[in-house]
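Below: the structure, in structure tokens.
Indexing begins at 1, ligand by ligand and atom by atom, following the structure's order. Values in this document were obtained by computation on a predicted structure and should not be read as measured data.
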Amino acid sequence: MRFFVDTAEIDAIRELHELGMVDGVTTNPSLIKKSGRDILEVTKEICDLVEGPVSAEVVALKAEDMIAEGRKLAEIAENIAVKVPLTWDGLKACKVLTGEGKMVNVTLCFSANQALLAAKAGATFISPFIGRLDDLNVDGLDLIADIREIYDNYGFETNILAASIRSANHMSECAKIGADVATAPPNVIKAMANHVLTDKGLDAFVKDAADAGIKIV
Ligand code: E4P
């Protein structure tokens, strides 16, 4: 499973990238707002740092305006994936932009039917939102499994990009289901390293090393 980082914070992307944990980046208007940066500037900086797909989201609602914005975003770098919402207009924009050879990430997906339409429109990525479904007491992971089954039934090549990930558990569950990609905030990716027994075991080893006077360098 590829890891995308769900942030527009350059320092956080750089830290994970140096460890080889970044296969791509996703942003959205809320993350751009949080960064306090200009969308074109910060997106260019991310694209200069990361080789993999960098999703940059349109803000228009009509297909023709989304297409114009998508073309402008795609000029930033070759690894831009234009992000469009899963609306009828978004699907139209997806069809046109993928026809021009651009990567398109169809976002705000909350049902298997929406994912089916995105695949038919040629989306490179479909972004089902797990956490926002969980917030409504609907199991978001079930949606990932449903989309996996449907795409596999028909050989759709659209990549399942599990999004709105809130916990380390979401990451391993997505990997078990077979999501192609999961995008998560930096703190969730770092939290995947944590285990209470690791901490407990390390405390004991540190104490015993000190008691035994073990020195290596
Ligand atoms: C990424 O593509 C999505 O925009 C993001 O994962 C949404 O996450 P949220 O539901 O935590 O805002």
Side-chain angles (χ1 to χ4, degrees), residues 1-10 12-13 16-17 21-37 39 42-43 46-47 50 52-61 66 69-70 73-74 76-77 79-87 90-91 93-94 97-98 102-111 114-115 118-119 121 123-144 147 158-175 177 179-192:
M1 185 172 74
R2 283 180 284 164
F3 282 18
F4 287 3
V5 192
D6 200 24
T7 186
E9 305 294 335
I10 296 288
I13 296 168
L16 289 167
H17 185 256
M21 301 291 177
V22 180
D23 300 308
V25 171
T26 50
T27 65
N28 61 37
S30 305
L31 294 171
I32 297 292
K33 178 183 169 192
K34 195 171 164 201
S35 77
R37 303 276 311 274
I39 182 172
V42 73
T43 305
I46 297 169
C47 289
V50 173
V54 174
S55 289
E57 189 160 343
V58 301
V59 292
L61 298 178
M66 287 187 209
E69 289 182 355
L73 290 169
I76 295 173
N79 54 336
I80 284 286
V82 179
K83 211 171 172 192
V84 300
L86 212 157
T87 58
L91 293 170
C94 173
L97 293 167
T98 53
K102 298 171 177 56
M103 288 189 283
V104 176
N105 175 357
V106 181
T107 189
L108 289 167
C109 171
F110 294 94
S111 77
Q114 289 180 316
T124 318
F125 299 101
I126 180 69
S127 289
F129 278 33
I130 298 173
R132 294 193 197 186
L133 283 170
D134 286 356
D135 290 345
L136 300 177
N137 287 323
V138 176
D139 191 342
L141 289 166
D142 285 348
L143 175 59
I144 305 295
I147 299 171
T158 299
N159 290 274
I160 301 174
L161 198 179
S164 188
I165 284 185
R166 304 274 170 78
S167 67
N169 189 49
H170 276 158
M171 292 296 278
S172 47
E173 290 301 319
C174 283
I177 292 166
D180 300 289
V181 193
T183 188
N187 64 315
V188 170
I189 293 176
K190 290 173 97 171
M192 292 169 72

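- In terms of N/O distances under 3.5 Å, ligand 1 is not approached by Thr27.
- Using a non-hydrogen distance threshold of 4.0 Å, Glu57 does not register as a contact of ligand 1.
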Step by step, work out the side chain to side chain contact (heavy atoms under 4.5 Å, CB included) result for Ser55 and Thr107.
CA-CA 10 Å; Ser55 289; Thr107 189; over 6 Å; no
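- Note: no N/O pair closer than 3.5 Å links Asn105 and ligand 1 by distance alone.
- The ligand atoms of ligand 1 that sit less than 4.0 angstrom from a heavy atom of Phe129 are 3 (C), 4 (O), 7 (C).
- Closest to atom 8 (O) of ligand 1, if we only count protein heavy atoms, is Ser164 CA, 3.4 Å.
- Note that CD1 of Ile147 and OG of Ser111 are 7.5 Å apart. Values are rounded to the nearest 0.5 Å.
- On a distance-only criterion, Arg166 and ligand 1 share at least one N/O pair closer than 3.5 Å.
- Residue Thr107 has no N or O atom closer than 3.5 Å to an N or O atom of ligand 1.
- Among residues two or more places apart in sequence or in another chain, the salt bridge (Lys or Arg N to Asp or Glu O under 4.0 Å) test is passed with Asp180 by Arg148.
- Those atoms of ligand 1 with a heavy atom of Arg132 less than 4.0 angstrom away are 7 (C), 9 (P), 10 (O), 12 (O).
- A distance of 10.0 Å separates CD of Glu57 from CD of Glu69, quoted to the nearest 0.5 Å.
- Rounded to the nearest 0.5 Å, atoms CD1 (Ile130) and CD1 (Ile144) are 4.0 Å apart.
- Per-residue contacts place Asn28 under 4.0 angstrom from the following atoms of ligand 1 (heavy atoms of the residue considered): 3 (C), 4 (O), 5 (C).
- The side-chain heavy atoms of Lys83 and Thr27, taken from C-beta on, include no pair separated by under 4.5 Å.
- Side-chain contact between Thr183 and Val5 is absent, with no heavy atoms from C-beta onward closer than 4.5 Å.
- Looking at Ser127 next to ligand 1, no N or O pair under 3.5 Å apart turns up.
- Counting the atoms of ligand 1 from 1 in the order shown, those under 4.0 Å from a heavy atom of Lys83 are 1 (C), 2 (O), 3 (C), 4 (O).
- Atom 1 (C) of ligand 1 has its closest protein heavy atom at Asp6 OD1, 3.2 Å.
- If you take CG on Asn105 and OG on Ser127, they are separated by 3.5 Å, rounding to the nearest 0.5 Å.
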